[in-house]
Amino acid sequence: MNDFDFYAGTWDVTNRRRTDFLEETCFFQEATEWEEFPAVSRASRHFEGGANFDEIEFPTKGFGGLTLRLYDPEREEWSLYWVNSRTGTLTTPVVGRFIDGRGEFYGDDTLAGKEIRVRYIWSGITANSARWEQAFSVDGEKTWITNWIMESTRR
């Protein structure tokens, strides 16, 4: 239940994101270009570790976002919800758990009218660093296209 306790606090985040990750063509070709940009994340622990909330600001991009993470003790899994300031719409959650210090979370979404599978991975977790990555699949999880990586360093 306390898997996300490590993230409480303030983090400097280096983002690497595919420039074409919102285009349908990203599923059929290697990324032609990645962009890198900074962010600051402020996270807090709630419900004795059963909930985690963070707000992230992307100062060079002009938007921010919020993540709410909720633990279901009966199912022993987390549900992660995301919303950004551009849309104000809460996404369908990705759901999963941590095993041996690595968290994997999966969910369904749509992109350009096409159904996709979404995967988040949390890894490389230490007291002062963590890695998050997002990937999409359009072929039933046979292949994944990683399109966003965040490297977090504690302030």
Side-chain angles (χ1 to χ4, degrees), residues 1-18 21-22 26-27 31 34 36-58 61 63-112 114-155:
M1 167 165 117
N2 300 95
D3 296 311
F4 281 103
D5 284 3
F6 77 91
Y7 207 56
T10 302
W11 299 80
D12 291 311
V13 183
T14 300
N15 293 271
R16 289 190 66 241
R17 182 175 68 172
R18 282 181 66 149
F21 94 106
L22 291 177
C26 82
F27 298 112
W34 288 75
E36 190 169 303
F37 53 96
V40 176
S41 179
R42 292 171 185 84
S44 54
R45 178 182 181 270
H46 304 276
F47 304 152
E48 298 178 16
N52 180 278
F53 177 83
D54 82 83
E55 179 177 9
I56 190 164
E57 299 171 31
F58 306 101
K61 293 297 182 184
F63 76 100
L66 305 171
T67 304
L68 174 62
R69 301 172 187 92
L70 300 171
Y71 185 74
D72 180 337
E74 188 173 305
R75 296 177 68 181
E76 298 182 337
E77 65 184 12
W78 288 91
S79 295
L80 284 59
Y81 300 85
W82 164 255
V83 61
N84 74 59
S85 61
R86 291 179 177 167
T87 65
T89 303
L90 197 62
T91 62
T92 304
V94 293
V95 178
R97 62 181 43 93
F98 280 83
I99 298 174
D100 297 326
R102 175 184 167 98
E104 293 191 18
F105 308 90
Y106 298 87
D108 297 311
D109 207 342
T110 57
L111 181 65
K114 184 178 192 109
E115 292 185 14
I116 62 169
R117 190 78 169 145
V118 178
R119 178 184 72 193
Y120 292 174
I121 295 177
W122 279 92
S123 64
I125 298 166
T126 71
N128 295 308
S129 63
R131 177 185 175 102
W132 171 89
E133 62 185 74
Q134 172 182 272
F136 295 157
S137 178
V138 294
D139 60 8
E141 299 186 21
K142 292 177 188 159
T143 60
W144 291 95
I145 302 295
T146 299
N147 54 47
W148 198 331
I149 299 168
M150 294 182 176
E151 299 282 352
S152 298
T153 304
R154 186 177 300 282
R155 265 202 184 162

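In what follows, every heavy atom counts, from backbone to side chain, and hydrogens, waters and symmetry copies are set aside. Small disclaimer: the values here were computed from a predicted structure and weren't measured.
In this structure, Glu36 places its CD atom where more than 12 heavy-atom neighbours from other residues, nucleotides or ligands lie under 6.0 Å away.
Looking at Arg155 and Val40, their side chains come closer than 4.5 Å, going by heavy atoms from C-beta outward. Side-chain atoms of Asn15 and Lys61, non-hydrogen and from C-beta on, never get closer than 4.5 Å to each other. When side chains are defined from C-beta on, Ser137 counts as touching Asp139, because their heavy atoms get closer than 4.5 Å. Counting heavy atoms from C-beta on, the side chains of Glu48 and Met1 come closer than 4.5 Å.
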Pair Arg131-Ile121, side-chain contact (heavy atoms from CB on, under 4.5 Å): steps then yes or no: CA-CA 8 Å; Arg131 177 185 175 102; Ile121 295 177; over 6 Å; no
Asn84 and Phe58: CA distance, side-chain angles, deciding distance, side-chain contact (heavy atoms from CB on, under 4.5 Å) verdict: CA-CA 11 Å; Asn84 74 59; Phe58 306 101; over 6 Å; no
CA sep, side-chain torsions, deciding dist, call: Arg17, Phe37, side-chain contact (heavy atoms from CB on, under 4.5 Å): CA-CA 8 Å; Arg17 182 175 68 172; Phe37 53 96; 3.9 Å; yes
With a 3.5 Å cut-off and sequence neighbours excluded, list the donor-acceptor pairs that the side chains of residues 64-71 form with protein atoms.
unit_1, atom_1, unit_2, atom_2, d
Arg69, NH1, Asn52, OD1, 2.5
Arg69, NH1, Asp54, OD2, 2.9
Arg69, NH2, Asp54, OD2, 2.7

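For the residue pair Val118 and Trp144, the shortest heavy atom distance occurs at C-CZ3, 3.9 Å. A pairwise comparison of heavy atoms in Val138 and Ile116 identifies CG1-CG2, 3.8 Å as the closest pair. The two residues Gly49 and Asn2 make their nearest non-hydrogen contact at CA-ND2, 3.4 Å. In plain terms, the two heavy atoms of Arg154 and Gly9 that are nearest each other are NH1-CA, 4.0 Å. Looking at every heavy atom in both residues, Ser152 comes nearest to Val13 through OG-CG2, 3.6 Å. Taking each heavy atom of Thr146 and Glu133 in turn, the nearest pair found is OG1-OE2, 3.8 Å.
Between Tyr7 and Trp122, the ring planes are perpendicular. Angles over 60° get that label, and only those under 30° would be called parallel. Relative orientation of the Phe53 and His46 rings is perpendicular, given thresholds of 30° and 60° on the angle between their planes.
When the options Phe98, Trp82, Trp78 are evaluated for a ring-ring contact (aromatic ring centres under 6.0 Å, His included) with Phe105, the one that passes is Phe98.
A distance of 13.5 Å separates CZ of Arg117 from OG1 of Thr143, quoted to the nearest 0.5 Å. Considering CG of Asn128 and CH2 of Trp11, their distance stands at 6.5 Å, rounded to 0.5 Å. A distance of 12.0 Å separates CD in Glu77 from CG in Asp3, rounded to the nearest 0.5 Å.
Ion pairing between Arg42 and Glu57 holds under the 4.0 Å rule for side-chain N and carboxylate O.
Here the side chain of Arg16 pairs no donor or acceptor atom with the backbone of Trp34 at under 3.5 angstrom.
For the residue pair Thr14 and Asp12, no side-chain donor N or O sits within less than 3.5 Å of a side-chain acceptor on the partner.
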